[in-house]
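Notes to accompany the following structure.
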Amino acid sequence: MELNCSSPKTIPVVSTFTANGSDSSSTRKPISLWPGMYHSPVTNALWEARSKIFERLLDPPKDAPPQSELLTKTPSQSRTTIFYNFSSDYILREQYRDPWNEVRMGMLLEDLDALAGTISVKHCSDDDSTTRPLLLVTAAVDKIVLKKPISVDIDLKIVGSVIWVGRSSIEIQLDVIQSLKEESDVSHSVALAANFIFVARDSKTGKAAAVNRLSPETEREKFLFEEAEARSKLRKKKRVDRRKLENGEVNQLEPLLAEGRIFCDMPALADRDSILLRDTRLENALICQPQQRNIHGRIFGGFLMHRAFELAFSTAYVFAGLVPCFLEVDHVDFLRPVDVGDFLRLTSCVLYTKLENPDQPLINVEVVAHVTRPEIRSSEVKPCKMHCYRTKKLLCS
């Protein structure tokens, strides 16, 4: 059957993205067609901002040598700010609005990851087009803390810079700032703080690669460097002691397990204000699509955090019976990369609850992502924790 696009009953469909004047016959992919176009407008803008470096990442010179000499850079050289003009840009505001007239936290997580990636690229760049660029990937998120609600009707900005480097790892601190007219103190304007850990890999061998040194200049930068150094040592210690339980932790588990067994074996005698951990589980599954990839062709870490956060939020919502108030993400670990075409299964459950303040009880939710292919067993990719309100006591079974 012949397709007639000129028929009055036919509605033609065209792309909403333009090629910014790029020659469509060119073999080089125009900036506007990069993977960022399928993510948030801020993520797209960030991925375009370093277009020259990103083009080298996508199309590095053949047999290019690695960077021969490490440079020393300051935090100010990587410092980057992005601005959300929510007060006057209606379309942008609607793209980020959640049902409660606040910013969609999942989309903000995408932007934070994209900004941290841009900052890490700035720090690791040697401005030499003859050397092959490093492959920089998100290894972990150390902490994300919400200090106050973020309105979608007030202008917003995110400021970030490198605060610490190891041999092949980089820590980036990001501050989400939203100022009210009555707030004169800048520190009171920080609505959210986050720390991202990136690691560098040789783009040819895949092995760990050394990154440029960092030289803090101000007292504040030196303080942040020392704090990050201490966190790095603590992370290494936790990896060594991961399987060891403290006596206090064992003492806390024993009564919960005992009550959980009563719940399973004698449900009629169980505490009516309790629920088994397994009964709080939710699950989401999807096939990873090309539109969800990053500039390296792997699934964008910000997208994974977005989906994990919204599942954690839903888990807390169903558990509490009230709209949860997000407080913090304790940590996110990216254990393995996720590829286009992978079957991704996100599983969440309430891990524990706390009732220090009866008006604001806490829920801790963990989300674990499993990646499978039909012929390969699943592997853990990313556990993440979220603290919210809760109304019931949780039991282990």
Shortest non-hydrogen separation from [X] to [Y] and the atoms involved:
X: S179; Y: I154; answer: O-CG2, 3.8 Å
X: L346; Y: A308; answer: CD1-N, 4.3 Å
X: W164; Y: L214; answer: N-CD2, 3.5 Å

Under the side-chain contact (heavy atoms from CB on, under 4.5 Å) rule, collect the residues that match up with [X], sequence neighbours excluded.
X: T81; result: K157, V159
X: A230; result: none
X: Q95; result: P41, I91, L92
X: Q173; result: I163, D175, N195, R220, L224

Ignoring hydrogens and geometry, is there a side-chain-to-backbone donor-acceptor pair from [X] to [Y] under 3.5 Å?
X: E110; Y: H306; result: no
X: Q289; Y: I287; result: yes
X: R281; Y: R278; result: no
X: K73; Y: K122; result: yes
X: N364; Y: Y352; result: no
X: S348; Y: T315; result: no

Heavy atoms from other residues, nucleotides or ligands near CD of E69 exceed 12 (cutoff 6.0 Å): no

Whether over 12 other heavy atoms sit under 6.0 Å from F83 CZ: yes

L156 and I150, any side-chain heavy atoms less than 4.5 Å apart: yes

Identified side chain to side chain contact (heavy atoms under 4.5 Å, CB included) counterpart of L174 within the set T80, L112, I82: L112

Sole candidate of I197, V165, L136 that passes side chain to side chain contact (heavy atoms under 4.5 Å, CB included) when paired with S120: L136

Residue pair F225, V162: steps toward the side-chain contact (heavy atoms from CB on, under 4.5 Å) verdict: CA-CA 9 Å; F225 186 93; V162 175; over 6 Å; no

Plane angle bin for Y84 and F86 - parallel if under 30°, tilted between 30 and 60°, otherwise perpendicular: tilted

Centroid-centroid under 6.0 Å between F326 and W100 rings: no

Gap between atom CD1 of I158 and atom CG of L115 - 0.5 Å precision: 6.0 Å

Cluster check V211, L71: I/L/V/M/F/W/Y, side chain < 4.5 angstrom: no

Single-linkage hydrophobic cluster L135~L70, side-chain heavy atoms < 4.5 angstrom: no

Check against side-chain contact (heavy atoms from CB on, under 4.5 Å), M105 and L146: CA-CA 10 Å; M105 196 59 61; L146 183 69; 4.1 Å; yes

For D98, side chain to side chain donor-acceptor pair (under 3.5 Å) partners two or more places apart: none

Residue pairs fulfilling salt bridge (charged side-chain N to carboxylate O under 4.0 Å, His left out) with at least one residue in residues 76-93, sequence neighbours excluded: R79-E221, R93-D153

